[in-house]
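Predicted model only: the values in this text are computed from it and were never measured. Chain letters run A, B, ... following the sequence lines, proteins first, then strands; residues in each count from 1. Any value given below was found using the heavy atoms of this structure, including those in side chains, with hydrogens, waters and symmetry copies removed.
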Number of protein chains: 2
Amino acid sequence: MEYKKQIEQLIVDFRTNYLSSVSIDFVIFGFHDGQLKVLLLRWKETDKWCLPGGRVRHEENLETAAYRSLQERTGLSEIFLEQFHTFGDVLRYTHFSKEETMGTLGLPQDVLDGFPGRDVSVGYYALVEFARVTPTPDLFTDECQWWDIDQIPLLLFDHNAMITLALKTLRRQLSYQPIGYNLLPEKFTMPDLQQLYETILGQTLDRRNFQKRILGYDILDRLDERKTGGAHKAPYLYRFNKEKYEKALKGEVLFVG
Amino acid sequence: MEYKKQIEQLIVDFRTNYLSSVSIDFVIFGFHDGQLKVLLLRWKETDKWCLPGGRVRHEENLETAAYRSLQERTGLSEIFLEQFHTFGDVLRYTHFSKEETMGTLGLPQDVLDGFPGRDVSVGYYALVEFARVTPTPDLFTDECQWWDIDQIPLLLFDHNAMITLALKTLRRQLSYQPIGYNLLPEKFTMPDLQQLYETILGQTLDRRNFQKRILGYDILDRLDERKTGGAHKAPYLYRFNKEKYEKALKGEVLFVG
DNA sequence: TTTTAATGCGTAGTTTCAACACAATGATAC
DNA sequence: GTATCATTGTGTTGAAACTACGCATTAAAA
C-alpha cells in the first residue's frame with residue numbers, strides 16, 4: 001500500500017514537473033576484471049532487464065538532467081557522459097504496453113491516462129570507474145547490476161540496439177580521443193590501459209606499438225613507483241595528466257583531405 | 001482573419017496529433033556556385049531568420065517525422081538525412097518569449113496555454129541537390145531562402161550553434177564516408193567533386209591526391225563522355241555507382257589500434 | 001640460484017600520405 | 001590553320017606513420 005502511494009505520487013510529480021514525451025536512457029560502461037560491463041536494472045516483479053533512465057524537468061537543461069539522473073543511479077558526479085543518439089521509433093514499445101506496466105506494478109490503469117503513449121528518448125553513454133559506483137535501483141525496479149557486455153540478455157524496449165550503438169560510438173571515439181580517465185583507478189599500469197582498450201575494441205593489440213602510440217599522445221605521467229605483487233617484472237605505474245588530457249579531448253584531431 | 005483561423009487550427013492540430021516537448025530542426029545543406037548554402041526561414045512579419053523545423057505525430061517514428069517534415073519544406077523525398085545532436089538547453093528560448101511570438105503573429109496569448117514552455121529539439125542535417133529544391137515557407141514564416149554558410153546572420157533560438165555543430169559533424173563524416181551523392185547532379189566531373197569537398201572542409205586540396213583518394217574508394221564509374229563547353233581540356237564525367245556507394249556507407253572504416 | 005614470463009626499449013620492412021613534374025588536350029586568339 | 005594557354009590525366013619521389021618483430025631486463029616462483 002505504501003509503495004502504491006509512492007508510485008502515484010511519483011506519477012503526479014512527473015505530470016507537474018517533467019517534460020512529457022521526452023526521456024533519457026543511459027548506457028553506463030564500467031570496466032572490471034578485464035571485462036567491459038554495462039549497468040542494467042531489473043523491472044519490478046519481473047525477470048526483464050532494461051537500461052537506467054531519467055526525465056527532464058521543465059526548467060532544466062537536457063544535459064543537466066542527464067547528469068542529475070546519472071548521479072541518482074550511480075552516486076557519481078564527475079563522470080564522462082556523452083550523448084550519442086536520440087531514439088524515436090514507436091516500435092520501441094512493443095515489449096510492454098501501458099496496461100502491462102501498470103498491471104505488473106499492481107496499479108490501476110488510469111493513473112497513466114493522459115500520458116503520451118510513447119517517448120522520444122535521448123541516449124547517453126557514460127564511462128565510470130567500476131569500483132566507485134553505488135548502483136541504486138528506483139521505484140520501478142528491484143535490482144541494479146553490472147552485466148558483461150557480451151552476455152547482455154534480451155532487454156526491454158529498444159535497449160539492446162541502444163547498447164550496440166553506444167558501443168559503436170565509444171569505439172569510434174577511441175580512435176580520435178583518449179579514453180580511460182573515467183574508467184581506471186588513478187594509478188594504473190600500461191597493461192591495465194591496454195586491456196581496457198582491447199576490451200572496448202574487442203581485439204588484441206600489439207603491446208609495444210600500443211605503448212608507443214599512447215605515450216605519443218603525451219597525456220600520461222609515468223610515476224617512479226612500480227606495481228609489485230604480481231609475478232614477473234614489475235611494470236611502471238602511470239597517471240593521467242589531467243591538463244594534457246583535457247587538452248587532447250578538446251583539440252580533436254580532424255581528418256583533412 | 002483567415003490567417004488567424006488557420007493558425008488557431010494549426011495549434012489545435014498540434015495539441016491533438018503531435019508530441020509536445022519534442023521538435024525537430026533541420027540544417028539543410030545545398031551546394032551552388034562553389035558555395036555551401038543553408039536553407040533558412042524568415043519569421044512572419046520580422047527580419048529574423050531561423051532553421052526550418054518539424055514535429056512528431058503521436059504514432060509516428062522520429063525518423064519518419066524528419067523525412068516527412070523535410071519533404072514539406074523542400075519537396076524532396078530521397079535525400080541524405082542524418083541526426084547529429086539533440087538540443088535541450090532552456091536558454092534556447094531567450095530570443096523569443098511565448099508572448100512575443102503570439103504578439104508578432106497578432107494572436108491572443110492564450111492560444112498557447114498549456115503548451116510547455118520549451119522543447120527538446122532533435123537536430124538533423126540534410127544534403128540536397130540545390131537545383132532540385134522547391135523551398136516552401138510554412139504558416140509561421142514569410143520567406144524561405146538559401147544563405148551562404150559564411151554569411152549566416154544571427155539566428156533565432158540556438159540555431160547558430162546548431163549550424164556550427166552540423167557542419168562540424170558533416171566535416172567529420174567526410175573523413176570516413178563518401179559524400180556527394182545527394183549534393184551533385186547525376187553526372188559530374190572530378191573538379192566538381194573536389195570543389196564540393198573543398199567547400200565543405202573550408203580548405204583547398206591537392207587535385208592529384210584528391211583524385212587518387214576518391215578513385216581508391218571505388219565508388220565512381222567513369223563515363224566515356226567528357227564535359228565540353230568550358231575552356232581548356234575537357235574533363236571526364238563521372239557517376240556514383242549507387243551499389244558501391246551504399247556499400248561504402250555501411251561498411252564504415254573503423255580505426256583499429 | 002635458476003627458471004619463467006612479463007616488461008622496457010629498440011629496429012627493419014611496409015604502407016600510406018603529401019608534394020611535385022610533365023605530357024595531353026580543348027578552346028581561344030591570331 | 002596554328003600557336004597559346006589553362007586545365008586535366010597520369011606518374012614519381014621522399015617523408016611520415018604504422019606494423020611486425022627482436023632482445024635484454026627484471027620480479028617472483030621453483
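- Rounded to an integer number of Å, the gap from A:Lys227 NZ to C:dA5 P is 19 Å.
- Between the CG atom of B:Leu205 and the C1' atom of C:dC17 there is a distance of 13 Å, rounded to whole Å.
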If you look only at distance, which donor and acceptor atoms sit under 3.5 Å apart when one is on a side chain in residues 144-154 of chain A and the other is two or more places apart or in another chain?
{"residue": "A:Gln145", "atom": "NE2", "partner": "A:Glu143", "partner atom": "OE2", "Å": "2.8"}
{"residue": "A:Asp148", "atom": "OD1", "partner": "A:Lys37", "partner atom": "NZ", "Å": "2.6"}

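- Scanning for side chain to side chain contact (heavy atoms under 4.5 Å, CB included) contacts around A:Gln195 gives A:Phe31, A:Thr199, with sequence neighbours left out.
- Atom CZ of A:Phe210 is separated from atom C1' of C:dC9 by 17 Å (rounded to the nearest Å).
- In this structure B:Phe80 satisfies the side chain to side chain contact (heavy atoms under 4.5 Å, CB included) test together with B:Glu82, B:Tyr125, B:Leu127, B:Gln173, B:Asn182, sequence neighbours excluded.
- Rounded to an integer number of Å, the gap from A:Leu215 CG to C:dT7 P is 14 Å.
- Considering only residues two or more places apart in sequence or on other chains, B:Arg239 meets the side chain to side chain donor-acceptor pair (under 3.5 Å) condition with B:Glu186.
- For B:Glu225, the side chain to side chain donor-acceptor pair (under 3.5 Å) test picks out B:Lys187, with sequence neighbours left out.
- When distances run from any side-chain atom of A:Pro235 to the nucleotides D:dT10, C:dG8, D:dT8, the shortest one goes to C:dG8.
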Under the rule of Watson-Crick or G-U wobble with both distances under 3.5 Å, where | means paired to another strand and [ ] a crossing pair, DNA chain C maps to ||||||||||||||||||||||||||||||

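- Residue pairs that meet the salt bridge (charged side-chain N to carboxylate O under 4.0 Å, His left out) test with at least one member in residues 199-212 of chain A, sequence neighbours left out, are A:Asp206-A:Arg208.
- The CG-P distance, from B:Asp192 to D:dT8, rounds to 9 Å in whole Å.
- Residues satisfying the salt bridge (charged side-chain N to carboxylate O under 4.0 Å, His left out) test with B:Asp142, not counting sequence neighbours, are B:Arg42, B:Lys44.
- For A:Leu220 and C:dG8, the CG to P distance is 12 Å, given to the nearest whole Å.
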The contact string for nucleotides 21-30 of chain D, one letter per nucleotide 5' to 3', using protein heavy atoms under 4.0 Å with B, S and - for base, sugar-phosphate only and none, comes out as BB--BBBS--

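- Atom-to-atom, OH of B:Tyr236 to C1' of C:dG26 comes out at 13 Å; the value is rounded to the nearest Å.
- Between the CD atom of B:Gln195 and the P atom of D:dT7 there is a distance of 13 Å, rounded to whole Å.
- Contact of the A:Leu193 side chain with the A:Phe210 side chain is registered, since non-hydrogen atoms from C-beta on lie closer than 4.5 Å.
- Nearest heavy-atom pair, B:Cys50 versus B:His159, reported as atom, atom and distance to 0.1 Å: CB-ND1, 3.5 Å.
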